[in-house]
Participant: 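Pasting a structure here, questions to come.
Every number for a ligand or one of its atoms is a count from 1 in the order of the listing.
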Amino acid sequence: MKKVLVTGGAGFLGSHLCDRLVSEGHDVLCVDNFFTGSKRNIEQLLSNNRFELMRHDVTFPLYVEVNQIYNLACPASPVHYQHDPVQTTKTSVHGAINMLGLAKRTRARILQASTSEVYGDPEVHPQPESYWGKVNPVGIRSCYDEGKRCAETLFFDYWRQHQLEIKVVRIFNTYGPRMHPNDGRVVSNFIVQALKGEDITIYGDGQQTRSFCYVDDLIEVFVRMMGSESDFTGPVNIGNPTELTMLELAERVLKLVGGKSKLAFKPLPADDPKQRRPDISLAKEKLGWEPKVPVEEGLRRTVEYFRSALTQPL
Ligand SMILES: NC(=O)c1ccc[n+]([C@@H]2O[C@H](COP(=O)([O-])OP(=O)(O)OC[C@H]3O[C@@H](n4cnc5c(N)ncnc54)[C@H](O)[C@@H]3O)[C@@H](O)[C@H]2O)c1
(Lines give C-alpha, C1' and ligand atoms only; values in the text may rest on other atoms or scores of the structure.)
Protein backbone atom coordinates (compact mmCIF):
# COMPACT_ATOMS: atom_id res chain seq x y z
CA MET A 1 0.00 0.00 0.00
CA LYS A 2 1.30 3.43 -0.93
CA LYS A 3 1.23 6.98 0.40
CA VAL A 4 -0.32 8.85 -2.48
CA LEU A 5 -0.56 12.61 -2.96
CA VAL A 6 -3.39 13.87 -5.17
CA THR A 7 -3.14 17.59 -5.96
CA GLY A 8 -6.47 19.06 -7.01
CA GLY A 9 -8.02 16.17 -5.09
CA ALA A 10 -11.20 18.06 -4.21
CA GLY A 11 -12.01 18.73 -7.86
CA PHE A 12 -14.11 16.74 -10.30
CA LEU A 13 -11.51 14.17 -11.42
CA GLY A 14 -9.37 14.38 -8.28
CA SER A 15 -12.23 13.43 -5.94
CA HIS A 16 -13.08 10.32 -7.99
CA LEU A 17 -9.40 9.41 -7.99
CA CYS A 18 -9.22 9.81 -4.17
CA ASP A 19 -12.30 7.54 -3.83
CA ARG A 20 -10.64 4.89 -5.96
CA LEU A 21 -7.25 5.04 -4.20
CA VAL A 22 -8.77 4.94 -0.69
CA SER A 23 -10.97 2.00 -1.73
CA GLU A 24 -7.81 0.15 -2.80
CA GLY A 25 -6.34 0.66 0.69
CA HIS A 26 -3.82 3.42 -0.06
CA ASP A 27 -3.15 6.33 2.29
CA VAL A 28 -4.26 9.40 0.36
CA LEU A 29 -3.21 12.99 0.96
CA CYS A 30 -5.53 15.35 -0.90
CA VAL A 31 -4.09 18.82 -1.47
CA ASP A 32 -6.34 21.56 -2.83
CA ASN A 33 -6.73 25.34 -2.61
CA PHE A 34 -10.49 25.03 -3.28
CA PHE A 35 -10.45 27.43 -6.21
CA THR A 36 -12.80 25.18 -8.19
CA GLY A 37 -12.86 22.15 -5.90
CA SER A 38 -15.40 21.61 -3.17
CA LYS A 39 -15.54 19.87 0.19
CA ARG A 40 -18.77 18.29 -0.95
CA ASN A 41 -16.84 16.24 -3.52
CA ILE A 42 -14.80 14.57 -0.80
CA GLU A 43 -17.18 14.64 2.18
CA GLN A 44 -17.65 10.83 1.93
CA LEU A 45 -13.90 10.45 2.62
CA LEU A 46 -13.44 12.89 5.50
CA SER A 47 -14.13 10.33 8.23
CA ASN A 48 -11.92 7.66 6.64
CA ASN A 49 -8.56 7.39 8.43
CA ARG A 50 -6.81 6.53 5.16
CA PHE A 51 -7.72 10.00 3.86
CA GLU A 52 -6.17 13.33 4.79
CA LEU A 53 -7.07 16.77 3.46
CA MET A 54 -4.67 19.71 3.28
CA ARG A 55 -5.58 23.21 2.08
CA HIS A 56 -2.53 24.29 0.11
CA ASP A 57 -1.73 26.12 -3.10
CA VAL A 58 0.67 24.14 -5.33
CA THR A 59 2.37 27.34 -6.47
CA PHE A 60 4.12 27.12 -3.07
CA PRO A 61 6.54 24.32 -2.18
CA LEU A 62 5.20 21.34 -0.26
CA TYR A 63 7.20 19.15 2.11
CA VAL A 64 5.54 15.79 2.73
CA GLU A 65 6.60 12.13 2.46
CA VAL A 66 4.87 10.21 -0.35
CA ASN A 67 5.49 7.34 -2.80
CA GLN A 68 3.27 8.52 -5.64
CA ILE A 69 2.01 11.90 -6.84
CA TYR A 70 -0.93 12.56 -9.15
CA ASN A 71 -0.65 16.22 -10.16
CA LEU A 72 -4.15 17.37 -11.09
CA ALA A 73 -4.25 20.84 -9.53
CA CYS A 74 -5.35 23.35 -12.18
CA PRO A 75 -8.72 24.84 -13.10
CA ALA A 76 -9.86 22.98 -16.20
CA SER A 77 -12.72 24.96 -17.68
CA PRO A 78 -12.29 28.19 -19.67
CA VAL A 79 -14.48 30.29 -17.33
CA HIS A 80 -12.33 29.33 -14.39
CA TYR A 81 -8.88 29.32 -15.99
CA GLN A 82 -9.54 32.66 -17.70
CA HIS A 83 -10.71 34.24 -14.44
CA ASP A 84 -7.10 34.77 -13.31
CA PRO A 85 -4.91 33.74 -16.25
CA VAL A 86 -1.62 34.61 -14.53
CA GLN A 87 -2.51 32.34 -11.62
CA THR A 88 -3.47 29.61 -14.13
CA THR A 89 -0.02 29.64 -15.74
CA LYS A 90 1.59 29.77 -12.30
CA THR A 91 -0.46 26.79 -11.15
CA SER A 92 0.66 24.72 -14.14
CA VAL A 93 4.29 25.85 -14.23
CA HIS A 94 5.21 26.61 -10.59
CA GLY A 95 2.91 23.77 -9.52
CA ALA A 96 4.81 21.35 -11.78
CA ILE A 97 8.18 22.63 -10.53
CA ASN A 98 7.10 22.22 -6.89
CA MET A 99 5.63 18.76 -7.37
CA LEU A 100 8.60 17.58 -9.45
CA GLY A 101 10.91 18.93 -6.73
CA LEU A 102 8.94 16.92 -4.18
CA ALA A 103 9.13 13.81 -6.38
CA LYS A 104 12.88 14.28 -6.75
CA ARG A 105 13.40 14.54 -3.00
CA THR A 106 11.13 11.58 -2.13
CA ARG A 107 11.90 9.56 -5.31
CA ALA A 108 8.14 9.32 -5.83
CA ARG A 109 6.61 8.34 -9.15
CA ILE A 110 4.69 11.33 -10.53
CA LEU A 111 1.81 11.59 -13.00
CA GLN A 112 0.87 14.80 -14.75
CA ALA A 113 -2.73 15.46 -15.79
CA SER A 114 -2.02 17.13 -19.12
CA THR A 115 -4.65 17.89 -21.70
CA SER A 116 -5.74 17.59 -25.31
CA GLU A 117 -5.45 21.41 -25.32
CA VAL A 118 -1.72 20.93 -25.95
CA TYR A 119 -2.82 20.16 -29.55
CA GLY A 120 -4.57 23.56 -29.81
CA ASP A 121 -6.79 23.82 -32.88
CA PRO A 122 -5.39 20.70 -34.57
CA GLU A 123 -4.65 20.29 -38.28
CA VAL A 124 -4.30 16.53 -37.79
CA HIS A 125 -7.36 14.47 -36.99
CA PRO A 126 -7.61 12.37 -34.85
CA GLN A 127 -4.60 13.53 -32.81
CA PRO A 128 -1.80 11.03 -32.16
CA GLU A 129 0.75 11.79 -29.41
CA SER A 130 3.39 12.49 -32.07
CA TYR A 131 1.46 15.57 -33.30
CA TRP A 132 3.04 18.74 -31.89
CA GLY A 133 -0.11 20.84 -32.04
CA LYS A 134 -1.21 24.25 -33.27
CA VAL A 135 -1.47 26.53 -30.26
CA ASN A 136 -1.87 30.29 -30.18
CA PRO A 137 0.75 31.48 -27.66
CA VAL A 138 -0.87 34.88 -26.99
CA GLY A 139 -4.62 34.20 -26.96
CA ILE A 140 -7.12 33.96 -24.12
CA ARG A 141 -6.72 30.17 -23.88
CA SER A 142 -2.92 30.34 -23.87
CA CYS A 143 -2.57 30.56 -20.07
CA TYR A 144 -3.97 27.04 -19.89
CA ASP A 145 -2.64 25.52 -23.13
CA GLU A 146 0.90 26.90 -22.86
CA GLY A 147 0.99 26.35 -19.08
CA LYS A 148 0.22 22.68 -19.64
CA ARG A 149 2.73 22.46 -22.50
CA CYS A 150 5.44 23.95 -20.31
CA ALA A 151 4.52 21.53 -17.50
CA GLU A 152 5.04 18.64 -19.95
CA THR A 153 8.43 20.09 -20.87
CA LEU A 154 9.39 20.25 -17.19
CA PHE A 155 8.31 16.65 -16.63
CA PHE A 156 10.48 15.43 -19.50
CA ASP A 157 13.44 17.53 -18.40
CA TYR A 158 13.23 16.15 -14.86
CA TRP A 159 13.07 12.65 -16.39
CA ARG A 160 16.14 13.27 -18.62
CA GLN A 161 18.11 15.29 -16.07
CA HIS A 162 17.15 13.65 -12.76
CA GLN A 163 15.86 10.23 -13.89
CA LEU A 164 12.47 10.76 -12.24
CA GLU A 165 9.77 8.21 -12.93
CA ILE A 166 7.30 10.37 -14.81
CA LYS A 167 3.93 9.60 -16.39
CA VAL A 168 2.19 12.12 -18.64
CA VAL A 169 -1.43 11.63 -19.68
CA ARG A 170 -3.20 13.91 -22.15
CA ILE A 171 -6.82 13.97 -21.08
CA PHE A 172 -9.57 14.62 -23.62
CA ASN A 173 -13.00 15.93 -22.52
CA THR A 174 -14.25 13.97 -19.57
CA TYR A 175 -17.63 14.25 -17.89
CA GLY A 176 -19.61 12.76 -15.05
CA PRO A 177 -20.98 13.40 -11.56
CA ARG A 178 -19.28 16.20 -9.55
CA MET A 179 -18.59 18.41 -12.55
CA HIS A 180 -19.05 22.01 -11.45
CA PRO A 181 -22.57 23.06 -12.57
CA ASN A 182 -21.48 26.57 -13.57
CA ASP A 183 -18.15 25.96 -15.22
CA GLY A 184 -19.40 26.34 -18.77
CA ARG A 185 -18.17 22.95 -19.94
CA VAL A 186 -20.51 21.72 -22.60
CA VAL A 187 -21.89 18.56 -20.99
CA SER A 188 -22.68 20.20 -17.65
CA ASN A 189 -23.94 23.32 -19.45
CA PHE A 190 -26.41 21.40 -21.59
CA ILE A 191 -27.64 19.23 -18.71
CA VAL A 192 -28.06 22.12 -16.26
CA GLN A 193 -29.82 24.28 -18.87
CA ALA A 194 -32.14 21.40 -19.81
CA LEU A 195 -32.95 20.59 -16.16
CA LYS A 196 -33.76 24.25 -15.48
CA GLY A 197 -35.91 24.40 -18.62
CA GLU A 198 -33.65 27.10 -20.10
CA ASP A 199 -32.59 27.31 -23.75
CA ILE A 200 -29.54 25.22 -24.61
CA THR A 201 -26.66 27.40 -25.78
CA ILE A 202 -24.94 26.22 -28.95
CA TYR A 203 -21.83 28.14 -30.00
CA GLY A 204 -21.39 28.57 -33.76
CA ASP A 205 -23.49 26.24 -35.94
CA GLY A 206 -23.11 23.30 -33.54
CA GLN A 207 -21.24 21.23 -36.11
CA GLN A 208 -17.96 21.35 -34.16
CA THR A 209 -17.18 17.96 -32.61
CA ARG A 210 -15.89 16.72 -29.28
CA SER A 211 -15.39 13.27 -27.86
CA PHE A 212 -16.52 12.59 -24.29
CA CYS A 213 -15.08 10.10 -21.84
CA TYR A 214 -17.01 9.03 -18.75
CA VAL A 215 -15.09 9.68 -15.51
CA ASP A 216 -14.93 6.01 -14.36
CA ASP A 217 -13.11 5.04 -17.56
CA LEU A 218 -10.64 7.86 -17.02
CA ILE A 219 -9.84 6.98 -13.40
CA GLU A 220 -9.18 3.39 -14.47
CA VAL A 221 -6.56 4.50 -16.99
CA PHE A 222 -4.96 6.95 -14.48
CA VAL A 223 -4.33 4.04 -12.14
CA ARG A 224 -3.09 1.77 -14.95
CA MET A 225 -0.73 4.48 -16.14
CA MET A 226 0.70 5.02 -12.64
CA GLY A 227 1.32 1.27 -12.39
CA SER A 228 2.83 0.90 -15.88
CA GLU A 229 6.42 -0.18 -16.63
CA SER A 230 8.92 2.43 -15.46
CA ASP A 231 10.21 3.13 -18.97
CA PHE A 232 6.74 4.09 -20.20
CA THR A 233 6.54 7.85 -19.65
CA GLY A 234 3.85 8.80 -22.18
CA PRO A 235 2.66 11.27 -23.23
CA VAL A 236 -0.37 9.11 -23.80
CA ASN A 237 -3.79 10.22 -25.01
CA ILE A 238 -6.71 9.16 -22.85
CA GLY A 239 -10.28 9.80 -23.82
CA ASN A 240 -13.20 8.32 -25.68
CA PRO A 241 -12.81 8.40 -29.48
CA THR A 242 -16.58 8.42 -30.11
CA GLU A 243 -17.13 11.80 -31.73
CA LEU A 244 -20.32 13.84 -31.43
CA THR A 245 -21.30 17.20 -32.86
CA MET A 246 -22.60 19.69 -30.32
CA LEU A 247 -26.04 19.42 -31.95
CA GLU A 248 -26.04 15.64 -31.47
CA LEU A 249 -25.00 16.05 -27.84
CA ALA A 250 -27.78 18.59 -27.22
CA GLU A 251 -30.35 16.20 -28.75
CA ARG A 252 -29.20 13.33 -26.51
CA VAL A 253 -29.36 15.47 -23.40
CA LEU A 254 -32.82 16.75 -24.30
CA LYS A 255 -34.04 13.20 -24.86
CA LEU A 256 -32.80 12.14 -21.40
CA VAL A 257 -34.00 15.19 -19.50
CA GLY A 258 -37.25 15.81 -21.34
CA GLY A 259 -38.69 19.31 -20.92
CA LYS A 260 -39.21 22.09 -23.39
CA SER A 261 -35.77 23.67 -23.84
CA LYS A 262 -34.99 25.07 -27.28
CA LEU A 263 -31.60 25.58 -28.92
CA ALA A 264 -30.12 29.12 -28.77
CA PHE A 265 -27.23 29.82 -31.15
CA LYS A 266 -24.39 32.20 -30.13
CA PRO A 267 -21.11 33.21 -31.84
CA LEU A 268 -18.13 30.87 -31.46
CA PRO A 269 -15.61 32.04 -28.80
CA ALA A 270 -12.01 32.87 -29.88
CA ASP A 271 -9.67 29.91 -30.59
CA ASP A 272 -12.44 27.36 -30.03
CA PRO A 273 -11.21 24.12 -31.64
CA LYS A 274 -13.42 22.77 -34.42
CA GLN A 275 -12.67 19.09 -33.91
CA ARG A 276 -11.23 17.03 -31.13
CA ARG A 277 -10.85 13.27 -31.04
CA PRO A 278 -8.10 11.22 -29.42
CA ASP A 279 -6.15 8.52 -31.18
CA ILE A 280 -5.92 6.05 -28.28
CA SER A 281 -3.88 3.30 -30.00
CA LEU A 282 -0.96 3.86 -27.63
CA ALA A 283 -3.14 3.55 -24.49
CA LYS A 284 -4.65 0.36 -25.94
CA GLU A 285 -1.26 -1.11 -26.73
CA LYS A 286 0.66 -0.10 -23.59
CA LEU A 287 -2.07 -0.07 -20.94
CA GLY A 288 -4.60 -2.52 -22.41
CA TRP A 289 -7.21 0.17 -21.91
CA GLU A 290 -10.16 1.52 -23.82
CA PRO A 291 -13.30 3.26 -22.57
CA LYS A 292 -16.21 0.99 -21.67
CA VAL A 293 -19.07 3.28 -20.61
CA PRO A 294 -21.28 4.25 -23.61
CA VAL A 295 -22.22 7.93 -23.94
CA GLU A 296 -25.93 7.21 -23.29
CA GLU A 297 -25.13 5.48 -19.99
CA GLY A 298 -22.61 8.11 -18.88
CA LEU A 299 -25.04 10.91 -19.69
CA ARG A 300 -27.83 9.14 -17.81
CA ARG A 301 -25.67 8.90 -14.65
CA THR A 302 -24.59 12.53 -15.00
CA VAL A 303 -28.17 13.77 -15.45
CA GLU A 304 -29.15 11.83 -12.30
CA TYR A 305 -26.32 13.51 -10.38
CA PHE A 306 -27.29 17.00 -11.50
CA ARG A 307 -30.99 16.40 -10.78
CA SER A 308 -30.09 16.01 -7.11
CA ALA A 309 -27.06 18.35 -6.98
CA LEU A 310 -29.08 21.30 -8.28
CA THR A 311 -31.40 21.06 -5.28
CA GLN A 312 -28.49 21.62 -2.84
CA PRO A 313 -26.27 24.67 -2.25
CA LEU A 314 -22.80 24.42 -3.90
N1 LIG B 1 -12.09 17.22 -16.93
C2 LIG B 1 -11.54 17.26 -18.12
O3 LIG B 1 -12.22 17.06 -19.13
C4 LIG B 1 -10.07 17.52 -18.28
C5 LIG B 1 -9.54 17.52 -19.58
C6 LIG B 1 -8.17 17.76 -19.74
C7 LIG B 1 -7.37 17.94 -18.65
N8 LIG B 1 -7.89 17.93 -17.40
C9 LIG B 1 -6.99 18.18 -16.27
O10 LIG B 1 -7.31 17.35 -15.18
C11 LIG B 1 -7.10 18.07 -13.96
C12 LIG B 1 -8.38 18.02 -13.13
O13 LIG B 1 -9.43 18.62 -13.86
P14 LIG B 1 -10.94 18.67 -13.31
O15 LIG B 1 -11.83 18.53 -14.47
O16 LIG B 1 -11.08 17.77 -12.18
O17 LIG B 1 -11.00 20.21 -12.87
P18 LIG B 1 -11.45 20.86 -11.49
O19 LIG B 1 -11.43 22.32 -11.70
O20 LIG B 1 -12.71 20.23 -11.01
O21 LIG B 1 -10.30 20.41 -10.51
C22 LIG B 1 -9.10 21.10 -10.35
C23 LIG B 1 -8.78 21.14 -8.87
O24 LIG B 1 -7.53 21.80 -8.68
C25 LIG B 1 -7.66 22.73 -7.61
N26 LIG B 1 -6.66 23.80 -7.80
C27 LIG B 1 -6.65 24.75 -8.77
N28 LIG B 1 -5.57 25.53 -8.63
C29 LIG B 1 -4.88 25.05 -7.55
C30 LIG B 1 -3.69 25.45 -6.90
N31 LIG B 1 -2.96 26.50 -7.34
N32 LIG B 1 -3.29 24.75 -5.81
C33 LIG B 1 -4.01 23.69 -5.35
N34 LIG B 1 -5.16 23.28 -5.94
C35 LIG B 1 -5.57 23.95 -7.03
C36 LIG B 1 -9.09 23.21 -7.69
O37 LIG B 1 -9.57 23.79 -6.50
C38 LIG B 1 -9.81 21.90 -8.05
O39 LIG B 1 -10.17 21.17 -6.91
C40 LIG B 1 -6.68 19.48 -14.34
O41 LIG B 1 -5.28 19.57 -14.26
C42 LIG B 1 -7.13 19.61 -15.77
O43 LIG B 1 -6.31 20.50 -16.49
C44 LIG B 1 -9.23 17.74 -17.19
Participant: How would you list, by chain and number, the residues with a heavy atom under 4.0 angstrom from ligand 1?
Facilitator: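 Its neighbours under 4.0 Å (heavy atoms only) are Gly8, Ala10, Gly11, Phe12, Leu13, Asp32, Asn33, Phe34, Phe35, Thr36, Gly37, His56, Asp57, Val58, Leu72, Ala73, Cys74, Pro75, Ala76, Gln87, Thr91, Ala113, Ser114, Thr115, Tyr144, Lys148, Ile171, Asn173, Thr174, Arg185, given by chain and number.
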Participant: Only one of Asn240, Val236, Asn237 forms a side-chain contact (heavy atoms from CB on, under 4.5 Å) with Pro278, so which one is it?
Facilitator: Asn237
Participant: Would you call Thr91 and Phe35 a side-chain contact if the rule is heavy atoms closer than 4.5 Å?
Facilitator: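 In short, these two side chains do not touch, never coming nearer than 4.5 Å.
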Participant: Between atom NZ of Lys148 and atom OG1 of Thr88, what is the distance when rounded to the nearest 0.5 Å?
Facilitator: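 That separation rounds to 10.0 Å.
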Participant: What residues, two or more places apart in sequence or in another chain, satisfy side-chain contact (heavy atoms from CB on, under 4.5 Å) together with Val221?
Facilitator: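 Only Ile238, Leu287, Trp289 meet the side-chain contact (heavy atoms from CB on, under 4.5 Å) criterion with Val221.
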Participant: Once salt bridge (Lys or Arg N to Asp or Glu O under 4.0 Å) is applied, do any residues pair with Glu248, and if so which ones, sequence neighbours excluded?
Facilitator: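 Glu248 satisfies salt bridge (Lys or Arg N to Asp or Glu O under 4.0 Å) with no other residue.
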Participant: Not counting sequence neighbours, which residues clear side-chain contact (heavy atoms from CB on, under 4.5 Å) with Thr36? List them please.
Facilitator: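 By the side-chain contact (heavy atoms from CB on, under 4.5 Å) rule, Thr36 matches Pro75, His80.
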